[in-house]
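Heads up: the structure comes next, in structure tokens.
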There are 2 protein chains.
Amino acid sequence: MPYLKRDALCPEPIDCKILTAALDLFVERGFHNISIHEVQQRADVSIGSIYNHFGGKEGVAKGLYYHILNEIDELVNAVLASHSSPKEQYQEIIKQLFEHTETHRNIIAFMFHTKHSEFLSGEPVFCDTKPFVKIRGIVEQGIAQNEFLKQDLWVSTAALFGSAYKMIQLRLDGNIKTPLPELYDKFMNTQLNGMLV
Amino acid sequence: MPYLKRDALCPEPIDCKILTAALDLFVERGFHNISIHEVQQRADVSIGSIYNHFGGKEGVAKGLYYHILNEIDELVNAVLASHSSPKEQYQEIIKQLFEHTETHRNIIAFMFHTKHSEFLSGEPVFCDTKPFVKIRGIVEQGIAQNEFLKQDLWVSTAALFGSAYKMIQLRLDGNIKTPLPELYDKFMNTQLNGMLV
DNA sequence: TTGACAATAATGAACATTCATTCTATTTTC
DNA sequence: GAAAATAGAATGAATGTTCATTATTGTCAA
């Protein structure tokens, strides 16, 4: 009676089920503490399917990584298209990341709270991926257009994004109790004008 | 002929040999990618000794963690004793961390570039350890004494230390080519006065 | 100084377990 | 009815841990 079991008109595709299960498990307990069998159980899928779709455990993690990286890239592209000045682009990216930290916790956690080197090998490191190269482009332009202080590019990037990054981590770890969007204004003020009274 | 073999008057104690080997290996390839057998080989020590001294693989990592954490605590204590104003204390801590990033790379990497949850279980998280509680104390005092902008404590801490943290990571990963101490002045200026032109 | 003895530390082969992967059988799809 | 996808039991290599044996150190009486 296979037709009775099919409770949805459009059942979730197998590879999505796998990625969703893996995302949650990897974020909760870390890549190395999760076995393929656990992913298989949580996804309600056979081991064989996982190997057909992703080629193995590492393949699942890589699939997840590139999938999410792509979404971040689209986010950055959209911001670049809709905002013209580097300062506005910078602010909008932080704003959206803060929002996603509340609404898509595990996706943000996988991207910003995971050591990707655990499953990536040889691939370009995080900082050298498409969206993050574009982000450095924003910083570069901001300096060129005199919106940001002139500095070593990496120092400026660390200054502009390092503390946002840390805010996200502290929120994910539960240290910060307030939803990040509510802290956005104060945070941005500190970022742009400094911590001195 | 045991006397001929004894090439050093004071041979390095076994537990030091183990910790040193483990530090290098864990930093290079990550806790989960290193087997006890590799630590044993690199340390030139028997497996039994590792179990006698640390009780297992996790024990080695914990031993390393608490050893280094203790050194960081002493660093913070020394700074608290030698500098009176929160702003000076803050600056001195960053300065010393930047220096140690050049001179004691792996120690800094183990502390600031490792997911400690991989081997810590139940223990207080990084942010709640002695030295970091003291650091938040500095931020708190700085706000009270009107040296830093009044903010949510965690937001201020993220603003003050988040980008320093990121600088250290970028330097450890080789993205930043300049030794951090040379970037200290510019960095601190940005930190305190902001990124706006 | 010597030798006997106990206590402590070091050793590493053997063991037990975990877990990624393979592969053949089965089901579904077109 | 052929091709593609799924299933999951079986496999075996990797690796954390145990423990019986050996070596070292410290103590004290002769």
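Below, each value reflects all heavy atoms present in this structure, side chains not excepted, and no hydrogens, waters or symmetry copies.
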So which protein nitrogen or oxygen atoms get under 3.5 Å of nucleotides 14-16 of chain D's nitrogens or oxygens?
from	atom 1	to	atom 2	distance (Å)
D:dG16	OP1	B:K57	NZ	3.3
D:dG16	OP2	B:I36	N	2.5
D:dG16	N7	B:H37	NE2	3.0

Tell me whether [X] forms a cation-pi arrangement with [Y], defined as NZ or CZ under 6.0 Å from the six-membered ring centre and within 45 degrees of its axis.
X	Y	result
A:K62	A:F54	no
B:K87	B:F148	no
B:K57	B:F31	yes

Give the C-alpha distance, both sets of side-chain angles, the deciding distance and a yes or no for ring pair (Phe, Tyr, Trp, His ring centres under 6.0 Å) between B:F110 and B:F126. CA-CA 12 Å; B:F110 186 78; B:F126 204 40; 9.7 Å; no
Rounding to an integer number of Å, can you tell me how far A:Q40 CD sits from C:dA20 P?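 For the pair A:Q40 CD and C:dA20 P, the rounded distance is 12 Å.
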Taking everything shown except B:H67 itself, do over 12 heavy atoms lie less than 6.0 Å from its NE2?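 Open: at most 12 neighbouring heavy atoms sit under 6.0 Å from NE2 of B:H67.
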What I want to find out is whether A:E28 reaches A:R42 closely enough, with some N-O distance under 4.0 Å, to be called a salt bridge.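 Looking at A:E28 and A:R42, the cut-off is met.
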Detail all sub-3.5 Å separations between protein N/O atoms and N/O atoms belonging to nucleotides 7-10 of chain C.
from	atom 1	to	atom 2	distance (Å)
C:dA10	OP2	B:H53	NE2	2.8
C:dA10	N7	B:N52	ND2	3.1

Would a hydrophobic clustering, with Ile, Leu, Val, Met, Phe, Trp and Tyr connected at side-chain separations under 4.5 Å, put A:F161 with B:L160?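 No; tracing contacts between hydrophobic side chains, which count when under 4.5 Å, never links both residues.
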Can you list every ring pair (Phe, Tyr, Trp, His ring centres under 6.0 Å) pair that touches residues 166-197 of chain B, not counting sequence neighbours?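 Found B:F98-B:F187.
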Nearest-nucleotide comparison on DNA chain C, the residue closer to the 5′ end among A:G55 and B:D44: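 In this pair, the answer is B:D44.
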